[in-house]
Each structure stands twice: as C-alpha cells, then as structure tokens.
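See structure below.
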Amino acid sequence: MDVPALLDWFDETARDLPWRAAGTTGWGVLVSEVMLQQTPVARVAPIWQEWMARWPKPSDLAAATQGEVLRAWGKLGYPRRALRLHAAASAIADDHGDVVPADVDTLLGLPGVGAYTARAVAAFAYGQRCPVVDTNVRRVVARAVHGAGDAGPPSTTKDMADVAALLPEDAAAAAKASAALMELGAVVCVARGPRCADCPVFDGCAWQRNGRPAYAGPAKAVQKFAGTDRQVRGLLLDVLRDTDEPATKARLDRVWSDAGQRDRCLDSLLVDGLVEQTPDGRFALPGEHGAVSPRG
DNA sequence: TATTCGTGGTG
DNA sequence: TCACCAAGAAT
C-alpha cells in the first residue's frame with residue numbers, strides 16, 4: 001500500500017472532528033474512543049463537547065453520580081459504557097495522578113478499555129507507534145492488502161500483524177497512518193458503496209487487481225433488535241432518564257406488554273448497576289436516591 | 001469462539 | 001421497506 005499517498009490524502013482531507021483539535025488531552029481522546037465504540041461520529045460529537053465542558057478532567061467525572069453520567073450519556077446506546085468510563089475516571093484519578101496512562105498494558109487495565117481503545121489512546125493521544133485495529137482498518141486491509149471484498153472474522157494476532165507491517169518506523173508518522181487508515185475506511189473504503197474513484201491508494205489496491213470480488217467469507221451474524229431484551233432495557237432506561245423522581249413499578253410496566261420479559265430486563269438492569277431500587281420500592285438511576293442493596 | 005449489550009441513519 | 005451498519009468490550 002502506498003502509505004505516503006495515504007498520509008498526504010489525510011493531511012488534505014481529514015474531517016475536522018472535535019477530538020482532533022490541537023490541545024485535546026488524553027482524557028478527551030479516551031472519552032471520544034469509548035463513545036465511538038459501535039456509535040457513529042455524528043451522534044457522538046455533540047455529546048463529547050458537552051462532556052468536555054462539564055468534566056474536563058477524569059476527577060471531574062469521577063465526582064459525578066452514576067445517574068448524572070447516565071443522563072449525560074443520553075441515547076448514545078450501550079449505557080454500560082458510561083458506567084465503565086465513570087469507573088475508569090475514578091481509577092485514573094486515584095491511581096494515575098488524574099492523567100490518562102500512555103502505556104497500552106496499563107490502559108488495558110481500565111474498565112471499558114479493550115484492544116482497540118487502548119491502542120487508539122496510545123497512538124492518537126500520545127503519538128505512539130502501535131497498530132490500531134478497528135472495523136474500518138480491518139476492511140481497508142482486507143481489500144487493499146488481501147484483495148478480498150470485506151474482512152472475515154476478527155483475528156487479533158493476524159489483524160495486528162497486518163497493520164503493524166504497514167506502519168512507518170517513525171512514531172509520529174505511524175500514529176498519523178493509523179488515523180488515516182481509519183479515516184479511509186470511514187469515508188472512502190466504506191462497507192456499502194466504496195468510493196474508489198476518490199481513493200488515495202487505488203493504484204496499489206489488491207481488491208481492484210483481483211477484479212473486485214464479492215465477500216466470500218462466512219456469513220456475518222445479523223443483530224436483531226426489535227423484540228429483544230436490548231430493546232426492552234432501552235425502553236425501561238429511557239423512562240428513568242426522563243424523570244427526576246424515582247418511577248413506580250406500575251409506570252415501568254407500561255413500556256412492554258410481556259410481563260416475563262419486562263421483569264427479566266428490569267432485573268438485569270439492577271444486576272448491571274444501571275438501575276437501583278429506592279427504599280420505598282421505586283426504581284431510579286443509580287447513586288441519587290439512597291438505593292437498597294441490589295439483589296442478585 | 002459466540003453472544004450479548006442500544007440506538008438511529010441509510011441504500 | 002427493512003436488513004445492514006456504526007472508531008468494541010466483556011464474558
């Protein structure tokens with residue numbers, strides 16, 4: 001792959017995303033990466049701006065209640081990420097001098113920080129040369145390097161080696177290349193309808209050379225949503241996000257007709273710590289109304 | 001390794 | 001219209 005061409009393209013056309021502004025701290029990068037897990041850029045941007053204004057340091061977020069954090073998370077989805085980020089902020093404040101660690105292995109010890117996020121922070125916040133592998137990068141490598149229509153199932157070891165082989169030796173250039181690979185996958189080498197006419201690495205693309213074969217790997221599992229526990233949990237949490245006062249069980253019962261599924265979901269939310277029960281038996285977001293110890 | 005975990009935009 | 005898709009992590 002023509003990495004210099006990719007770097008030039010990135011310099012010229014990179015999106016002006018708020019967390020890419022000069023002066024963004026490691027904390028800002030970490031918050032952005034967690035919010036961006038499985039969530040589109042357009043939905044994250046305004047929430048990230050609010051968080052940075054409200055909680056500019058890890059200790060600021062750590063001082064908030066879980067309920068405040070979940071409300072500020074809004075409808076980004078997968079709200080357990082918000083609780084994990086809150087826990088990570090406490091760990092950073094308590095154990096790391098209120099500064100997001102730069103070491104990948106240390107980052108991996110934080111709640112909600114996995115293989116992708118740890119390396120994204122190391123590269124984008126601290127300019128390190130380490131492979132950053134997300135769904136965009138895997139698709140770009142599958143096409144441009146391997147000539148396939150799309151990436152197969154994730155293989156951490158092989159994916160990391162593929163990307164490591166592409167990175168320039170210089171750390172700053174490598175970090176920029178990591179951002180550029182992601183940008184290419186997000187903007188040009190997209191899953192449906194890739195814009196190959198605008199691609200900076202078109203000439204060396206193995207997928208073009210192969211005649212643009214269709215994806216040949218195993219079928220990818222389709223995520224159902226309608227009627228699942230995820231939908232019901234989302235409906236329950238939405239009620240609690242919208243009210244300052246705890247909600248009665250009767251109020252929550254209105255969100256879903258199937259009592260068995262509804263109760264199972266409320267139970268799982270209590271177990272996950274996303275909901276608490278108040279001493280009088282009502283339900284609320286955690287940390288704000290003197291909870292009874294969660295059962296389970 | 002396969003599932004589970006939200007939400008909303010889109011071709 | 002509706003299946004697919006979106007800067008994954010935890011178990």
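Note on naming: letters A, B, ... go to the chains in the order of the sequence lines (proteins, then strands), and numbering restarts at 1 for each one.
When distances are taken from the side chain of A:Gln223 to each of B:dT7, C:dG8, C:dA7, the shortest belongs to C:dG8. Set against B:dT4, B:dG8, C:dA7, the side chain of A:Lys75 has B:dG8 as its closest nucleotide. If you check C:dA6, B:dG11, C:dA7 against the side chain of A:Pro40, the one that comes closest is C:dA6. Comparing atom distances between the A:Arg43 side chain and each of C:dC4, C:dA7, B:dG8 picks out B:dG8 as nearest. Distance from the side chain of A:Leu36 is smallest to C:dA7 among B:dC5, C:dA6, C:dA7.
Among the protein residues, A:Gly77 comes within range of the nucleic acid bases, having at least one heavy atom under 4.0 Å from a base atom. The residue A:Ala115 sits close only to the backbone: its heavy atoms come under 4.0 Å of sugar-phosphate atoms, none of a base. Using a 4.0 Å heavy-atom cutoff across all strands shown, A:Arg241 reaches sugar-phosphate atoms only and no base atom. Across all strands, A:Thr117 comes closer than 4.0 Å only to sugar-phosphate atoms, never to a base (heavy-atom distances). Here A:Ala191 lies in heavy-atom contact (under 4.0 Å) with sugar-phosphate atoms only. Using a 4.0 Å heavy-atom distance criterion, A:Leu17 is classed as a base contact. Heavy atoms of A:Leu76 sit under 4.0 angstrom from at least one base atom. Across all strands, A:Trp48 comes closer than 4.0 Å to no nucleic acid atom at all (heavy-atom distances).
One can place CH2 of A:Trp256 at 14 Å from C1' of B:dG6, the figure rounded to the nearest angstrom. Regarding A:Leu240, its CG atom lies at a distance of 13 Å from the P atom of B:dG6, rounded to whole Å. When rounded to the nearest whole Å, the span between CZ of A:Arg80 and C1' of C:dA10 equals 7 Å. Rounded to an integer number of Å, the gap from CZ of A:Phe225 to P of C:dA3 is 14 Å. The CG-C1' distance, from A:Leu236 to B:dT7, rounds to 15 Å in whole Å. If you take NZ of A:Lys224 and P of C:dC5, they are 13 Å apart, rounded to a whole angstrom. What separates CG of A:Leu235 from P of B:dG8 is a distance of 10 Å, to the nearest Å.
A:Gln66 places no side-chain N or O within donor-acceptor distance of the main-chain N or O of A:Leu285, the cut-off being under 3.5 Å. Between the A:Arg195 side chain and the A:Val188 main chain, no donor and acceptor come within less than 3.5 Å of each other. Side-chain N or O atoms of A:Trp73 include none that pairs as donor or acceptor with a backbone N or O of A:Met35 at under 3.5 Å. Judged by distance alone, with hydrogens and angles left aside, the side-chain atoms of A:Arg262 form a donor-acceptor pair with the main-chain N or O of A:Trp256 at under 3.5 Å. A donor-acceptor pair under 3.5 Å is formed between the side chain of A:Arg81 and the backbone N or O of A:Gln37.
For the atom pair A:Arg138 CZ and A:Met182 CE, the distance stands at 13.0 Å (nearest 0.5 Å).
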- Message: side chain to side chain contact (heavy atoms under 4.5 Å, CB included) for A:Thr156 and A:Met160? Distances and angles first, verdict last.
- Response: CA-CA 6 Å; A:Thr156 307; A:Met160 296 253 296; 4.2 Å; yes
- Message: For a salt bridge (charged side-chain N to carboxylate O under 4.0 Å, His left out) check, start with the C-alpha distance between A:Arg54 and A:Asp60, then their side-chain angles and the critical distance, and finish with the verdict.
- Response: CA-CA 8 Å; A:Arg54 185 172 179 181; A:Asp60 297 321; over 6 Å; no
- From CA spacing to verdict: ring pair (Phe, Tyr, Trp, His ring centres under 6.0 Å), A:Trp27, A:Trp55: CA-CA 10 Å; A:Trp27 172 238; A:Trp55 298 305; 8.9 Å; no
- Item | Trace of the side chain to side chain contact (heavy atoms under 4.5 Å, CB included) decision for A:Glu68 with A:Glu288 | CA-CA 8 Å; A:Glu68 288 174 322; A:Glu288 300 183 315; 3.6 Å; yes
- Query: So A:Asp238 and A:Arg241, side chain to side chain contact (heavy atoms under 4.5 Å, CB included) or not? Walk me through it.
  - Reply: CA-CA 5 Å; A:Asp238 200 35; A:Arg241 254 190 249 115; 2.8 Å; yes
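Sorted by residue number, the members of residues 129-156 of chain A with any non-hydrogen atom under 4.0 Å from DNA chain C read A:Asp134, A:Thr135, A:Asn136, A:Arg139. Residues of residues 98-113 of chain A having a heavy atom closer than 4.0 Å to DNA chain C, listed by number: A:Pro111, A:Gly112, A:Val113.
Phosphate proximity of C:dA7 to A:Thr39: absent, as no side-chain N or O sits under 4.0 Å from OP1 or OP2. Not one side-chain nitrogen or oxygen of A:Arg84 sits closer than 4.0 Å to the OP1 or OP2 atom of B:dC5. Contact check, A:Gln37 against C:dG8: no side-chain N or O comes under 4.0 Å of OP1 or OP2. Residue A:Arg233 has a polar side-chain atom (N or O) positioned under 4.0 Å from OP1 or OP2 of B:dG6.
A gap of 14 Å separates the P atoms of B:dG6 and C:dT11, to the nearest Å. Taking atom C1' in both B:dT1 and C:dG8, the straight-line distance is 16 Å, to the nearest Å. For the C1' atoms, the distance linking B:dG8 with C:dT1 amounts to 16 Å, nearest Å.
Between the base of C:dC4 and the side chain of A:Arg192 there is a donor-acceptor pair shorter than 3.5 Å.
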